[in-house]
Amino acid sequence: MTYDRALPRAERLRMPWARDVALEVAKQHGVCIRPVALKRLDTTTGQSEIIDVPCGATMEAVCPPCAKRNRQLRMAQCREGWHLDQEPAITPDEPNDEQRWLVEFRADMQARRDAAEQDGDDTTDLDAVLASLDDEINAAGMRGHVLGRTTAKRTRSTRRRQDAPDLPRRKMVNTTLGRTFTGSDGKVYRPSLFVTLTLPSYGKVRDSVPVDPDSYDYARAARDALHFSKLVDRFVQNLRRVAGYDVQYFAAVEPQKRLAPHLHMAIRGTLPRAEIKQIAAATYHQVWWPPVNQVVFDGERLPVWEQEAGYLDPDTGEVLPTWDEALDQLDADEEAEPLHVIRFGDQVDVKGVLSGTPDADQCIRYLSKYLTKSLGESLDGGQAQREHAARFVDALRFEPCSPTCANWLRYGIQPKGAKAGMTPGRCRSKAHKPEHLGYAGRRVLVSRKWSNKTLAEHKQDRRTWVLEALGQTNQPTDPHRYVWRPVPAGDANVPPLAVRLLRTVAERQRWRAHMAQLEAQAQGQDLSANPRAA
């Protein structure tokens, strides 16, 4: 560092750090500030090189440029699939000879394995062969497992609750497109919907915080947040039954200021607003888990782990019931009640949207507004809201978030897949982290036939467009051409992070200069073709 040390200390302290300026410049040019160095092997040429790959963070607090790119990708995905006028579904290809032969060979080996099991012989080697064949089947271009679901699924009565209204059910039509309407001028309209769903009230709030924290139902709010994703799944199922077609959607889960999650959903096609509200009112989800109304182990008196047996009662040495045993006991009880029933609140907003209108663009921006922020980043209400969040997180602390949650030990049950070191109140699931406020599901929910593309495919489309605009169409875009390997930490071939950032910034500057030149040329061509435009 070389600067004039004769300058006053206050003036020197006002000088920004060069490293901070470099990071700021990198952010301005859209350069990932936490790139991951990977070794890329070109399977065609045999050449290998070290490439900086963006970290792909979705949160601004981690990497603002990557978060911005992911938000733009989601906006493009939403826009491309919302108002389709053609079916996006693709018919699977016919199986080839190799795929048929693999399945036939798999059938022969399965028959040998079944015969060996029936004779009481050891099937370990045959099981290994079958597992290897299953991998080859997938590598040959077939999806899924040839045997389908191999584990039994627990089922309960599907009879609707008496306190839930019935829903109309239309005959299903094999389409993902909504109805069209013809105006008086002969123009055909294909409207869609933008729906907002919220959770019920847990107590009176003012300025996003409870008026009376002692009477606020934090326990119910915590359980609703934990199981909100399941409620959304039930809403989609009911929506499709009532609509009578394969409704497609793009949805985002965001936090309300009172810390409860709520849902914004773009729906392809339209239904009467009254029916949407009826569907929301009739939708519920029952959580059939063992009861947690009685604390069995608390404080320093906790179950102890034994390697072969699992968790034991510290006083009697008795093995705690496993998760499956607890569910068997619940199934055997004819008078059992669900642990929790979650429903939507009364506030349901439904808005009709037409393609290409300002309303459509505004809804897309609104859907992606909070995708780069964690649920906990909405805490901007001062000390009162921070205290509200602290009470909410405290209510979540001992709530079981999943069958594998360590909190089941508190209620005398071994979690599913129990292992040593589990402690109630210290579950590592993201649902128990303060920044997630109990919601452990995906923030963006996209149906499979929305745009018929994955997020990676949308990203590849953007990359291909940029390469063509830069005149680099000879650049390979096939993702299967390369084999990627991690670079060991401390590899001497990897330059320092600051050097890599500066190199990428310089590359981005060249790209932008090239793009600006292309835009100027295109504008000049337009002016020469139409002199009056000048």
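Counting from 1, the numbers follow the sequence of the chain as shown.
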[X] side chain to [Y] backbone, donor-acceptor under 3.5 Å:
X      : Y      : answer
Arg443 : Tyr370 : yes
Arg273 : Val350 : yes
Thr283 : Ile279 : yes
Asn70  : Cys66  : yes
Thr270 : Leu193 : no
Asp119 : Asp121 : no
Glu80  : Trp450 : no
His436 : Gly438 : no

d(Ile276 CD1, Leu239 CG) to nearest 0.5 Å is 5.0 Å
So CD1 of Ile267 and OG of Ser447: to nearest 0.5 Å the spacing works out to 10.0 Å
Over 60° means perpendicular and under 30° means parallel, so tell me whether [X] and [Y] are parallel, tilted or perpendicular.
X      : Y      : value
His388 : Tyr216 : perpendicular
Trp323 : Trp289 : perpendicular
Phe228 : Tyr439 : perpendicular

Please check if any side-chain donor atom of [X] sits under 3.5 Å from a side-chain acceptor atom of [Y], or the reverse.
X      : Y      : answer
Thr322 : Asp324 : no
Arg69  : Gln72  : no
Asp224 : His340 : yes
Thr176 : Glu87  : yes
Gln329 : Glu325 : no
Glu254 : His264 : yes
Asp114 : Gln110 : yes
Tyr218 : Arg391 : yes

Looking at every non-hydrogen atom in both residues, tell me the closest pair between [X] and [Y] and how far apart they are.
X      : Y      : answer
Ala251 : Leu263 : CB-CD1, 3.8 Å
Leu327 : Pro290 : CD2-CD, 4.0 Å
Pro200 : Arg258 : O-NH1, 2.9 Å
Val353 : Asp359 : CG1-C, 4.3 Å

query: Is the count of non-hydrogen atoms from other residues, nucleotides or ligands lying under 6.0 Å from Asn174 atom CG greater than 12?
result: no
Taking everything shown except Gln237 itself, do over 12 heavy atoms lie less than 6.0 Å from its CD? yes
Applying side chain to side chain contact (heavy atoms under 4.5 Å, CB included) to Leu84 and not counting sequence neighbours gives Pro88, Leu177, Arg268
Output side-chain donor-acceptor pairs under 3.5 Å for residues 311-321, partner residues at least two apart or in another chain, one line each.
| residue | atom | partner | partner atom | Å |
| --- | --- | --- | --- | --- |
| Tyr311 | OH | Lys419 | O | 2.7 |
| Tyr311 | OH | Gly421 | N | 3.4 |
| Tyr311 | OH | Met422 | N | 3.0 |
| Asp313 | OD1 | Asp315 | N | 2.8 |
| Asp313 | OD1 | Thr316 | N | 3.4 |
| Asp315 | OD2 | Arg301 | NE | 2.7 |
| Asp315 | OD2 | Arg301 | NH2 | 2.8 |
| Thr316 | OG1 | Glu318 | N | 3.2 |

Is Asp212 salt-bridged to Lys204, cutoff N-O under 4.0 Å? no
With sequence neighbours left out, the residues meeting salt bridge (Lys or Arg N to Asp or Glu O under 4.0 Å) with Asp246 are Arg240, Lys449
Residues passing the salt bridge (Lys or Arg N to Asp or Glu O under 4.0 Å) test with Glu275, sequence neighbours excluded, are Arg170
Which side-chain N or O atoms in residues 400-407 pair as donor and acceptor under 3.5 Å with protein atoms at least two apart or in another chain?
| residue | atom | partner | partner atom | Å |
| --- | --- | --- | --- | --- |
| Ser402 | OG | Thr404 | N | 3.4 |
| Ser402 | OG | Thr404 | OG1 | 3.0 |
| Asn407 | OD1 | Gly425 | N | 2.6 |
| Asn407 | ND2 | Arg397 | O | 2.9 |
| Asn407 | ND2 | Glu399 | O | 3.0 |

Quick note, side-chain hydrogen bond (donor to acceptor under 3.5 Å, both in side chains) partners involving residues 424-433, not counting sequence neighbours, are none
Original post:
Between Arg34 and Val62, does a side-chain contact (heavy atoms from CB on, under 4.5 Å) hold up when you go through it step by step?
Top reply: CA-CA 8 Å; Arg34 299 180 58 189; Val62 179; 2.8 Å; yes
